[in-house]
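Just below is one structure, and these are the notes that go with it.
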2 protein chains.
Amino acid sequence: MPLLTIKDIARKCGVSVTTVSRAINNHPDINEKTKERIMQVIKEYNYIPNNSARNLKRIESNTIAVLIKGITNQFFNKMLKVFEAEIEKNKYDFLLHPVEEDENEIDVAISLEKEKKLKGIIFLGGYFSHSVDKLKYLNVPFVLSTGGFSEEVESDKYSYVMVDDFKESYKIVDYLCKLGHRRIAIISVPESSQNIGKTRLYGYKKALQDNNIPFDPALVRYKDVEDRDFFSMRYGYEVAKELLQSNVNFSAIFAISDTIAVGACKAIFDSGGKVPEDYSVAGYDGIDIAHYYNPSITTIRQPVEEIARESIRILFEKLNNNKKIEKHKIFDGELIVGQSTIPYNKKS
Amino acid sequence: MPLLTIKDIARKCGVSVTTVSRAINNHPDINEKTKERIMQVIKEYNYIPNNSARNLKRIESNTIAVLIKGITNQFFNKMLKVFEAEIEKNKYDFLLHPVEEDENEIDVAISLEKEKKLKGIIFLGGYFSHSVDKLKYLNVPFVLSTGGFSEEVESDKYSYVMVDDFKESYKIVDYLCKLGHRRIAIISVPESSQNIGKTRLYGYKKALQDNNIPFDPALVRYKDVEDRDFFSMRYGYEVAKELLQSNVNFSAIFAISDTIAVGACKAIFDSGGKVPEDYSVAGYDGIDIAHYYNPSITTIRQPVEEIARESIRILFEKLNNNKKIEKHKIFDGELIVGQSTIPYNKKS
DNA sequence: TTGTAGGCGTTATCAA
DNA sequence: TTGATAACGCCTACAA
């Protein structure tokens, strides 16, 4: 079965390719009867137009792309639903494009803008501290959504929506301090790893400092793993296990993600300990499992739906008003107190 | 900044587009100096070729696409890693293409084959009971991987790799029966929902039958939810809550996915009950959380890495040997006994 | 080693 | 309402 082209259909119908094109694209200037006949043949042969040719020739598309780095990250699940719903509600086509870990998301965006003649772009995940200057090669509006990136970059060059990782990290560690914990371990990721680990570590340090708790490097835990999957339950489990087997004393753990926190809890259980009676454990993100775990995990809930909605709102604003002004929105995270943390003096 | 084309680069370099094309595509017949100069300009202006034009013109690509329906499903995470690794190891380009819930994956495949001049396709997720006949419009090798589809279709028309959902479902329910449970509830999904729920229900029924346990429709639980997200923890929570609040007597729950099982456990905890002391809970899939939950959840582990590896192996076989023979491989699931199930007579 | 010209499959323009 | 023709951006014979 050779690949059909519009010419084949035109020949079979005894009309010109132009007419077939009109039928396919719902042009008004075509006879209903002719159109029906053509659509019948198209259906019969299951003809599907070549998108490369269409994209190449068309002046514009109606597509908004969501570029996501780390598609398997649970954290993005609910955001994707919002993006899809909002984009379709506004009569645009939704294109979800996963970006590989080793790809530069801006290059991908430039490429995709050309290839699909995009109307707008949402960046999800990824870290822009490198190559922000490349953003100038984008000719359509875009918004960075929850991408951790360094503070140094000039933010008047782009719009973003996110939470303040430093502040939220501070918030939850401060909460642990206020519960009376003074030996708080943090499960983070290797410093070399380009991600939000660093910022959350700063928040941790500052919270300790403000609570007059000396910083102890022995409480900062991480390890290198081959698959570089640092935000997995397994990673949390392994790092927590090493911590438990060390002779480092601690009464609480701050894991920089909920998945890590889950792994840490399991490590404690497996070593015969209890959460929160023996150790308090806190996470970060507020994904489903934090709520459904047993015990439920104290965490910082990132308002993901709101972040997504605001991101897309800003994008539409730029799209409709042709505004050059870049908008920035920082959402507050919410401290969700679960069953996994208790005051130090209530410990068993 | 207007979108650059190959012509712009050619003009800036004072050469023809052909020469620029040669530089881009690493053709041998080009002067090293010329090439360097061109690449320099390309880098300076961050020129990125238009993929639509390339795809249109090129005779063939080197791309293998993985079409996945339900990209947010945890279940696929590890499979994706295998696919990516194996495809790249074999010097092909990996293209991950999410398929929306309301899209027909075969139409998407036909479209993508043309657009990207694909070499091969892996289908992940989705249900093929409808429109299998459309598969004949595909001109490249493809393999169905873990897609639940009805048994009726003639399987000599395509290759697939999967587990026997009926058998595995039977296996775990039989295990519950052998533990002495006779009132086993199943948390499934609405019958109207096109998915594996039905097959797993059959396995449940057959296991009961073989253990001389009467089937009680009151123990088959599901509900309609607006977002149609049936495999969420929340769904499991809600259905289990209704079950607990009903006056239906039961001692064990078989949830047709681990995520549902997690939700069910939480519902039991919230109602003051214990797992497994008051109720045994079993899941299905063997995703991370089944292992890391507290208690760990008894489940059927689907050998996802093996499934992925075998799928891609078959695809390469078809690719290299040009074989028309369709291969079928059914993997056994593994019953993982966790802490969430105990014998009926050990119940508190 | 480089350039010219034609065409990939489709849509846009213009004329009929 | 329809059709002929050019053009989208790129690659590739073929010619120089």
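Because only heavy atoms are used, hydrogens play no part in the values below, and waters and symmetry mates are left out as well, while side chains stay in. Order of the sequence lines fixes the chain letters, A, B, ..., with proteins taken first and strands second; residue numbering starts at 1 for each chain. In this text, all values refer to a predicted model and were calculated from it rather than measured experimentally.
- Using a 4.0 Å heavy-atom distance criterion, Asp29(A) is classed as a base contact.
- Residue contacts shown for Asn51(A) are absent, as no nucleic acid heavy atom lies under 4.0 Å away.
- Computed from coordinates, the Asp8(A) CG to dC8(C) C1' distance equals 14 Å when rounded to whole Å.
- Formation of a donor-acceptor pair under 3.5 Å by the Glu113(A) side chain with backbone atoms of Asn139(A) is found in this model.
- Contact annotation: Tyr47(A) side-chain N/O to dG9(C) OP1/OP2 distance is not under 4.0 Å.
- Taking a cutoff of 4.0 Å between a charged side-chain nitrogen and a carboxylate oxygen, Glu310(B) and Arg313(B) qualify as a salt bridge.
- A cation-pi arrangement is present between Lys318(A) and Phe142(A) under the rule of less than 6.0 angstrom and at most 45 degrees off the ring axis.
- At least one side-chain nitrogen or oxygen of Ser16(A) sits closer than 4.0 Å to the OP1 or OP2 atom of dG3(D).
- In this model, the phosphate group of dT1(D) is not approached by any side-chain N or O of Thr34(A) to a distance below 4.0 Å at OP1 or OP2.
- When each of Arg22(B) and Ser52(B) is assigned the nucleotide of DNA chain D with its nearest heavy atom, Ser52(B) is the one assigned upstream, toward the 5' end.
- The residue Ser21(B) sits close to a base: some heavy atom pair falls under 4.0 Å.
- Phosphate contact (OP1/OP2 of dC8(D), side-chain N/O of Asn50(B), threshold under 4.0 Å): absent.
- Side-chain atoms of Lys7(B) lie closest to dC8(D) of the nucleotides dC8(D), dT10(C), dG3(C).
- Atom-to-atom, CG of Leu4(A) to C1' of dC8(C) comes out at 16 Å; the value is rounded to the nearest Å.
- Contact annotation: the side chain of Lys119(A) approaches that of Glu60(A) to within less than 4.5 Å [non-hydrogen atoms, C-beta and beyond].
- Note on Leu56(A): a base of the nucleic acid sits closer than 4.0 angstrom, heavy atoms only.
- For Lys57(B), whose side chain is taken as the heavy atoms from C-beta onward, the closest listed nucleotide among dT11(C), dG7(C), dG3(C) is dG7(C).
- Of the residues near DNA chain C, Val17(B) and Arg58(B), the one whose nearest nucleotide (by heavy atom distance) lies more toward the 5' end is Val17(B).
- Rounded to whole angstrom, the span from the NZ atom of Lys33(B) across to the C1' atom of dT2(C) amounts to 17 Å.
- The side chain of Thr19(B) lies closest to dG3(C) when the candidates are dG3(C), dG9(D), dG9(C).
- The side chain of Arg54(A) lies closest to dT11(C), out of dT11(C), dG3(C), dC10(D).
- For Ile9(B) and dG9(D), the CD1 to C1' distance is 13 Å, given to the nearest whole Å.
- dT10(C) atom C1' lies 15 Å from atom CZ of Arg11(A), rounded to whole Å.
- When the P atom of dG9(D) is taken as reference, atom CD1 of Ile24(B) falls 14 Å away, rounded to whole Å.
- Of the two residues near DNA chain C, His27(A) and Lys117(B), the one whose nearest nucleotide lies more 5' is Lys117(B).
- If you measure from atom NZ of Lys114(B) to atom P of dT10(C), you get 6 Å, rounded to the nearest angstrom.
- Using a 4.0 Å heavy-atom cutoff across all strands shown, Thr18(B) reaches at least one base atom of the nucleic acid.
- Judged by distance alone, with hydrogens and angles left aside, the side-chain atoms of Asp8(B) form a donor-acceptor pair with the main-chain N or O of Thr5(B) at under 3.5 Å.
- Taking the six-membered ring wherever Trp is involved, the centroid distance between the rings of Tyr158(A) and Phe123(A) does not fall below 6.0 Å.
- Rounded to whole angstrom, the span from the CD atom of Glu36(B) across to the P atom of dT1(C) amounts to 14 Å.
- Nucleic acid contact for Asn55(A): none, since no nucleic acid atom lies under 4.0 Å from a heavy atom of the residue.
- When each of dC14(C), dG9(D), dT1(C) is scored by its nearest atom to the side-chain atoms of Asn31(B), the top-ranked nucleotide is dT1(C).
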